[in-house]
Structure formats: structure tokens, C-alpha cells
Number of protein chains: 2
Amino acid sequence: MVTLKDISRDLGLSVTQVSRALGGHADVNAQTRKRVRAAADRLGYRPNAVARGLKTGRSGIVAMVVSGTRTPEASAHLLEIVMGLSAEFSRIGLRFVLHVAQPDEDTVRLHEDLFLAGGIDGFIVISPQKSDPRIAALTRMGAAFVVHGRDPDQAHVHVDIDNFEVGRRMTDHLLRLGHRRIAFLTAGDNTFFSRERVRGLKRAYADHGLDAGMARVVGLPMIAPEGQRAASTLLSSKQRPTAIIAGNTLLARGVYRAAAMHGLQIPCDLSVLAHDDDLELFATDTFDPPIGGTFAPLSQAWVSVADTLQTMIEPEKEGLKHRILPLGFQIGGSAKSNSD
Amino acid sequence: MVTLKDISRDLGLSVTQVSRALGGHADVNAQTRKRVRAAADRLGYRPNAVARGLKTGRSGIVAMVVSGTRTPEASAHLLEIVMGLSAEFSRIGLRFVLHVAQPDEDTVRLHEDLFLAGGIDGFIVISPQKSDPRIAALTRMGAAFVVHGRDPDQAHVHVDIDNFEVGRRMTDHLLRLGHRRIAFLTAGDNTFFSRERVRGLKRAYADHGLDAGMARVVGLPMIAPEGQRAASTLLSSKQRPTAIIAGNTLLARGVYRAAAMHGLQIPCDLSVLAHDDDLELFATDTFDPPIGGTFAPLSQAWVSVADTLQTMIEPEKEGLKHRILPLGFQIGGSAKSNSD
DNA sequence: CGTCGTTTCCGAAACGTTTCGGATTAAGGG
DNA sequence: CCCTTAATCCGAAACGTTTCGGAAACGACG
């Protein structure tokens, strides 16, 4: 391994001056700097990340802990997240440690272990729950971390989309089309994004001077089979909804299947909207008719997340803190005016 | 942060002795060791991984570089690999760095950068190509690494399955059922596993005293649409095969689709076998009729890969080096005797 | 000629750990 | 009572880097 000492010996300079020359400090002669750079190149010098980490307290490594889920469909999101995040961190020169926890492991403990052992500068937290203990632990330890999503019970740096708007805009769109009995398929009440979306739905009803009690909110795991089951139940109920809003495209997939099984045409017999995360890696599934609703590419989130974490880690770098990502709306062909 | 010095001050011992006590060395009094352990617990001491890494030269971090692919179906394998590997490394206490390269990045260079910066003890290489430059680079630098698969042109530690047997057993099974015109869908000739499988196929023909020229070998990207396209071409050819062997279940999926489009019943009009990697995360797709062929759970590979790499990194630990994983065969319901 | 500021350099300490070589003590054997 | 041995302990150096506090050289200025 080539070290600073090797360069200094080669040039007859002190280690200090070599370090400062390569580090771009001011008090080093332009001539010397050039010589040092040349020698470093010639000898094949690479700064040792571990030694630097020991001295500076920063290792350039960030980590994310995920629990090893075994539900296949949720994995689609996870892969998108892992690949997207990793690519982004790699791009900005941070190394990304992925820790997949055993099903029975305590993830809070894992965060502590990773952080207290040193060598991890910051963390990414995804899918925060209400009063998420991971967030509490990281805050307590004074670790740098960015949450994708939000936990309303704790203050933390986050990157998120405007979920209130997600609920409001899709509901508003359907109300304008004359729908009144709208079913809303979303995650459980313990997630902030779900509560926000429901709040948006209620606001839309109120804005139209309507009673939100006409809407049916269903909380469920957001994967296709669950969506199909829930939609099936809804569609065979006496007062069946004329429109269904799905929290993501996996749920929407289930709704489409249920509609087909019930012999209902979309959008003629049933309107469907969904929020679309625009997954890049699993975009193979296309909808017929093409589905409408809000959209916000998940891939964009990682740029913000990585950027934000970097600025938290490197004090000299000033960048964005909290970030709310833009939201789009596509009409699609899955919703139609209702005349009931 | 609590350091050894803090403990030593607290107990009136030397840093040396505290280190040796916690490190489990011999020349420390049983009493003292107990006191040191207690103090460490009481003060909340956590050994600093960076400092230890600087001194010992080992950081406990391993890395894998993958190129950011955009073909959705190949991602299924990738997720399985990433999650499986990461879980296994996490389990044995090594941190796993995932580096997703930009599409235009030089992966050889990335391996060099990661290794020469220090702080990476070893690497995992997957999907080796013929004369893979990554393997050459890692060997040249003297880095520890394990390859999943094999590059026949270079000597390296590997974990693999017996691909010769994969080709031989599936072909043999079909030949016993009376098939003669067998199509073999596999990857390109630049992969060792594919060449081995074809060699196995030829051996099976020879063992039956038959000319392997009756078989059709098709090299293609191993994803469903390609399988469908290739199968479609084969099935509309004049001398259409009576059986098709698919290199993985994705290809088999395509073959099933093509058969359906051609109005062919499996197994009556067409026998199909496939090698099954038993992907855990994307096992949702079931085959009707259930597909037969060889199988070897990919998930098992990671245990071996991680174990092997660990023994290469930690000199005291003795473990397995090369490893050929066991291979199974399931009859399924997708192949039937042929009377042509 | 002494003082001051600027430019360019360097020694030494520090980050937290491991480990080499030796020091101290007590017990046991003659 | 001295010598050897074993059991415990410790100081100091080292890993490669960054950085604090100065030092040397030099010209400018009064």
C-alpha cells in the first residue's frame, strides 16, 4: 500500500505538507502541490479510507436496515428502493451498507449496533410506523438519518410526497365526474401517509359540500391479492361503490381482476383510480384500460434522500433538508362520469 | 463514545490489559477479566470498528458491485441475490456494501477503487463472463473474493451448481420418455454454465447412442418474452420439437405462453422441462401443469458464498473453499412420453 | 536595524485499537 | 535463601491520516 509517508520520503517533504497539498489547503506552494500530485499519481497513492475515518470521525458509509420480508409483491417496492438508493449513493461517492435483518431480529437494536460500532455516518429509514422506535433510537443516539415518509409523532428530517393531495385530488376528480359512493383502498391507520390521504379524501367531499360518510375507507396490506379480495367484497355488497381508489398499482391490479370476475367493465361499470409510484423495474404490467390517478416517481425520491443525508453528514456542504416531492395527475382511461 | 481508555481509567488498569481481557487472551486473571467485562457493560463500551480496522487491516466489510440493469425480469434474480446475500452476511456479522454502478461505469475500475481505498475485505462476483476482467483485476490486486458461478479461464474460489448434470439429467429424462427432437433454451455461449449444460445434453444423447444433432440449442437472454418468442419460432417450424428444455422458469413461462398461443397442450402435445432456481421472493407464479426438471435453491448458494468468503478473510477460521451445491430433480406434470 | 506580516513549511499529537517486549510479583524447588 | 517458572500486568509503538501550533525565511516598513 502506498501511504503519505512514501510520498513524503520520495519528495523529501514532510507528511504534513503532502497531506495538505493533496487536501487542497492554502499554505502550500503551487509548485510543490504540482510535484506532490505528480508523485501521488506516479506511485499510485490512494488515501486510506479507514485511517481517514478514524481521524475525521467520518467513514463515508451509510446504512439501511430492512427486515427480511417474505411477501413477494412487497419485494417489488423493496428492490426499487434498494437499487435506487444504492445507485444514488454510489454516484455521490458514499458507500451503502444494506443490512437485511432476520425475521426475528430487533431492528432498533441493529441500528444501535451499527451506529455505536462507529463507521456508519448515517441511516436511511423507510416505511416509518406511528411513533417509530427506530426514529426514536436514532434521534437519541444523535445519528444522522433521513426518513422516506413521515412520522408525525417525532421531529425528523424527511423526504416525502404530499399524501393529503394524493387523497384530495383523486377524490375530487371522481366527485367532479359525479361519483358519490367511492371506496378508498389504502394501508392501515398506523401509517401517516394513509391517514393523510384519508384526510385529503374528506376534504374533497367537504369542498363539494358532501358528506364523507358516503365514502368507504378500507385498510389492508397493499398487495394485489388483498386488493382483489377487498374489491370483490365491495362489488358484491348491496350498495356497491361506483368508483374505487387504490393506494398503489398493486392494489389496482387486484381491483381490475375483481372487476373482471364480477363481469364489470372499467370504466363503464366501475371507475378506478390509483396512485402510481412509477416503479421502473416492474413496469411490465400494463393496465387495460390505462389507469388514471396521481403519480410520483419513486426513483426521484432517492436523489433527494441521498442528497439530504449527504448534507447532514458533511458539515461544509449546504443542501436541502426537508423535501416534499412534486405530484402529478394523469387522466388515464379508467374513470368515467357517473350517472347513477 | 466510551473507549478502552475510559474503562482502564475507571478500573485503574492499563489499556493493554483491558484490550486483552475483552479480546479473550490468555494472560489475564479470571477475576480481572470479569471486572473488565462488568465495567465494559456498565459504561456501555462498544469497540470502535474503524480503529480496529486500521490496526488489524480488516474492516469486516464486504462488497458487491452490480451494474444497474433496466430489464425488469432480470431484476427478480437480482433481488433474490441481493437480499439473500445481505441477509447471510448480516447474520454472520459482516457488513455488506452494495454498489450499483451507473450504466456507463467501468465495473473493473469500481472494484479497484473500492479495494484500494481500503476498508473492503472481500468481494462477491456474480454472473461471471468468459475471461471475466473483474476476476482478473481482483486476482491481480490480491483481494479476497468468491465467484457465484465459474470462469473456466481463470482459477478462483467459487460456489456453483453442477451445470453439466443439469443438462444431462433433463435431457436424459426426456430421451427415456422417447423424445428425440429436443430444443434447449439457454443463455449465450459466453457463459460457462450454458456451455456446461449443453455438454451435459450432448452426453445424454451419446449415452443413449443417439446423435445430438437432433437437438436444437438456442442461446438467448433468459427472460420470459425471449422464451416466448423463441418457443413460438420453434413451434411453427416444420420439424417442430416434441420437447423443450428451458434454462430457468422465466423462459419456461414464455414457453407455456407460446404453447397456449399455438393451441398446444402441455404435456400432451409438448413436453417442457426447466431448471428451477426456486426463487423465494417471486414464487407467486405457479405453472399449470406443474413444471418438472432439475432444481437447486438459489437461497442455499448465499450461505455457502458468505461462509466461504468469511473463511478467506479471517485467517483463523477454517472452512469450505470451493463448493458445488446439490441438485434435485422433480418429475412435475409437464413432460410425457412421446410416441412420434 | 528592529519589527511585522506573509508565505511556506514541519514536528508532534491525536483518533482507538492491537501487540511486542519486557517488568513485576509470587510460588515452588533446590 | 537464591534461582527458576508461571501468572499477570504494563509502556510504548504502530496502523495512516489530519491538524494544531509554531518555525524559518524573506521582504517591507518604520
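In what follows, every heavy atom counts, from backbone to side chain, and hydrogens, waters and symmetry copies are set aside. All chains are named by letter (A, B, ...) in the order of the sequence lines, taking the proteins before the strands, and each is independently numbered beginning at 1.
- Using a 4.0 Å cut-off between a side-chain N of Lys or Arg and a carboxylate O of Asp or Glu, B:D41 and B:R37 do not qualify as a salt bridge.
- Residue A:G119 is classed as having no contact, given no heavy-atom separation below 4.0 Å to the nucleic acid.
- Nearest to the side chain of A:K55, among D:dC10, D:dC15, C:dA14, sits C:dA14.
- If you check every strand for non-hydrogen atoms under 4.0 Å, A:V50 touches nothing.
- Atoms NZ (B:K5) and P (D:dG11) sit 13 Å apart, rounded to a whole Å.
- Below the 3.5 angstrom threshold, one finds no donor paired with an acceptor across the side chain of B:T32 and the base of D:dT8.
- Taking every side-chain heavy atom of A:Q17 into account, C:dC10 is the closest of C:dC10, D:dC9, D:dT17.
- Rounded to a whole Å, the NE2 atom of B:H25 is 16 Å from the P atom of D:dC10.
- Using a 4.0 Å heavy-atom criterion, one finds that B:T3 contacts the sugar-phosphate atoms exclusively.
- The nearest whole Å value for the distance from the CE atom in B:M1 to the C1' atom in C:dA14 is 13 Å.
- Comparing B:V18 and A:R46, the nucleotide of DNA chain D nearest to each residue sits closer to the 5' end for B:V18.
- A sub-4.0 Å separation between OP1 or OP2 of D:dT8 and a side-chain N or O of B:N29 is present.
- Between A:R58 and A:D121 there is no salt bridge, since no side-chain N of the basic residue sits under 4.0 Å from a carboxylate O of the acidic one.
- A:R52 has a side-chain polar atom (N or O) that falls below the 4.0 Å cut-off from OP1 or OP2 of D:dT18.
- As a whole-Å value, the separation of A:D27 CG from D:dA23 C1' is 13 Å.
- Regarding contacts with the backbone of C:dT18, a side-chain N or O of B:S19 is found under 4.0 angstrom from either OP1 or OP2.
- Straight-line distance from the CZ atom of A:R33 to the P atom of C:dT8: 10 Å, rounded to whole Å.
- Using a 4.0 Å cut-off between a side-chain N of Lys or Arg and a carboxylate O of Asp or Glu, B:D10 and B:R42 qualify as a salt bridge.
- When distances are taken from the side chain of B:L4 to each of D:dG16, C:dT18, D:dT18, the shortest belongs to C:dT18.
- Between A:F89 and A:F96, the ring-plane angle classifies as parallel under the 30° and 60° cut-offs.
- Look at A:T16 and you won't find any side-chain N or O under 4.0 angstrom from OP1 or OP2 of C:dC10.
- Here the C1' atom of nucleotide D:dC10 and the CG atom of B:L13 are 10 Å apart, to the nearest Å.
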Test log, rule side-chain hydrogen bond (donor to acceptor under 3.5 Å, both in side chains), inputs A:Q154 and A:D151:
CA-CA 6 Å; A:Q154 301 174 73; A:D151 177 359; 2.7 Å; yes
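- In this structure, B:D6 places its CG atom 8 Å from P of C:dG16, rounding to the nearest Å.
- Rounded to whole Å, the distance from CG on A:L116 to C1' on C:dG16 is 15 Å.
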